[in-house]
Amino acid sequence: MGGLPLLGYAPWERTNLELVVFLVVVYSSIHVLVALLVMLVSRNRKYFPTIMLGVLFGGLAGLQAGTAMRMKAYELAGDRAEVLISAIERHIAAKGAPPERLEQLVPAFVEEIPTGLPPLEIVTGEMALKGFYGNQWALLFKAGSGLNWDRLVYLPKQNYEQVESKTLLGRWAYIHE
């Protein structure tokens with residue numbers, strides 16, 4: 001993931017954090033390759049602990065830096081989604097209720113759904129009231145995969161204090177499930 005922004009393939013801007021992640025991954029890869037080459041040439045297994053130590057430290061550093069980079073990307077996506085939040089609020093003012101789908105905002109309330117966003121969905125009605133702490137609506141991105149059910153959520157009431165395991169990202173919250 002760290003190389004994608006550096007190569008210009010990610011939907012968010014490049015930051016120093018991506019550069020750090022990319023350099024940690026490159027360092028770890030070079031360390032392992034050089035250590036393996038030395039071990040093969042010398043036919044001596046005494047370098048094996050050094051290789052594993054490099055993998056461990058590189059992996060831990062890459063994991064921490066990668067998590068920080070992912071959170072920064074979600075924060076930037078939240079900034080880009082402000083247009084949608086304003087459009088939803090105008091929709092509610094005009095029609096008395098939030099839209100059932102984000103596409104209903106186009107073209108009356110927003111020219112187009114902004115690019116560079118994760119696939120957001122709007123949750124409304126009873127499901128929003130019960131599942132999102134009494135909010136009339138919520139914007140949601142299912143950030144997890146497999147057995148990970150993490151979510152990036154925008155709550156209009158901003159009542160994130162009710163959410164137990166979260167990372168606040170501007171006006172959004174990354175909910176750890």
Side-chain angles (χ1 to χ4, degrees), residues 1-33 53-90 98-99 101-103 105-106 109-124 128 131-133 135 137-177:
M1 186 168 153
L4 293 178
L6 290 173
L7 298 172
Y9 292 115
W12 53 87
E13 301 170 2
R14 287 177 225 148
T15 65
N16 291 336
L17 188 56
E18 282 107 16
L19 183 60
V20 169
V21 172
F22 189 71
L23 292 175
V24 166
V25 169
V26 169
Y27 160 77
S28 185
S29 300
I30 290 171
H31 175 86
V32 169
L33 290 174
L53 195 60
V55 170
L56 177 66
F57 286 137
L60 290 175
L63 183 64
Q64 291 298 315
T67 299
M69 184 178 71
R70 190 173 81 243
M71 291 300 135
K72 180 63 177 174
Y74 289 144
E75 187 174 350
L76 291 171
D79 291 346
R80 280 191 295 279
E82 287 296 323
V83 172
L84 287 178
I85 294 167
S86 296
I88 293 167
E89 290 168 351
R90 287 193 310 276
R101 294 181 338 274
L102 293 175
E103 293 79 20
L105 297 171
V106 179
F109 298 97
V110 68
E111 195 172 300
E112 64 182 1
I113 304 294
T115 59
L117 291 177
L120 295 172
E121 63 181 86
I122 188 166
V123 179
T124 61
F132 293 98
Y133 312 96
N135 283 271
W137 60 276
L139 276 180
L140 168 70
F141 167 62
K142 295 175 183 167
S145 61
L147 295 177
N148 179 350
W149 294 285
D150 290 357
R151 302 178 292 175
L152 180 66
V153 176
Y154 174 83
L155 302 177
K157 288 184 179 180
Q158 297 288 289
N159 53 338
Y160 297 116
E161 69 279 354
Q162 296 178 19
V163 181
E164 289 183 26
S165 182
K166 68 191 173 284
T167 301
L168 293 177
L169 303 169
R171 294 177 55 196
W172 292 68
Y174 184 90
I175 301 175
H176 307 274
E177 296 287 343

Taking the side chain as every heavy atom from C-beta outward, state whether Phe132 and Leu140 have any pair of such atoms under 4.5 Å apart.
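Touching, per the 4.5 Å side-chain cut-off.
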Any heavy-atom pair between the side chains of Asn135 and Tyr154 that's under 4.5 Å?
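With C-beta onward as the side chain, the pair stays apart.
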Quick one: list whatever passes side chain to side chain donor-acceptor pair (under 3.5 Å) with [X], sequence neighbours left out.
| X | value |
| --- | --- |
| Asp79 | none |
| Thr167 | His176 |
| Glu82 | Arg171 |

Please report the closest heavy-atom contact between [X] and [Y], naming both atoms and the distance.
| X | Y | value |
| --- | --- | --- |
| Arg90 | Val110 | NH2-N, 4.4 Å |
| Leu139 | Leu102 | CD2-CD2, 3.8 Å |
| Val153 | Ala138 | CG1-CB, 4.5 Å |

Does Pro99 have any side chain to side chain contact (heavy atoms under 4.5 Å, CB included) partners at least two apart in sequence or in another chain, and if so, which?
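Side chain to side chain contact (heavy atoms under 4.5 Å, CB included) list for Pro99, sorted by chain: Ile88, His91, Gln104, Leu105, Ile122.
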Using 0.5 Å steps for rounding, measure from the [atom1] atom of [X] to the [atom2] atom of [Y].
| X | Y | atom1 | atom2 | result |
| --- | --- | --- | --- | --- |
| Leu168 | Glu75 | CG | CD | 10.0 Å |
| Leu152 | Tyr74 | CG | OH | 7.0 Å |
| Trp137 | Thr124 | CH2 | OG1 | 11.0 Å |
| Ile175 | Phe141 | CD1 | CZ | 13.5 Å |

Contacts of Glu89 that satisfy salt bridge (Lys or Arg N to Asp or Glu O under 4.0 Å) - sequence neighbours left out:
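Applying salt bridge (Lys or Arg N to Asp or Glu O under 4.0 Å) to Glu89 gives none.
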Output every pair passing salt bridge (charged side-chain N to carboxylate O under 4.0 Å, His left out) with a member in residues 159-168, not counting sequence neighbours, ordered by first then second residue.
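Found none.
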Could you tell me whether a side-chain N or O of Tyr160 sits under 3.5 Å from a main-chain N or O of Leu155, the two making a donor and an acceptor?
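Yes: the side chain of Tyr160 pairs with the backbone of Leu155.
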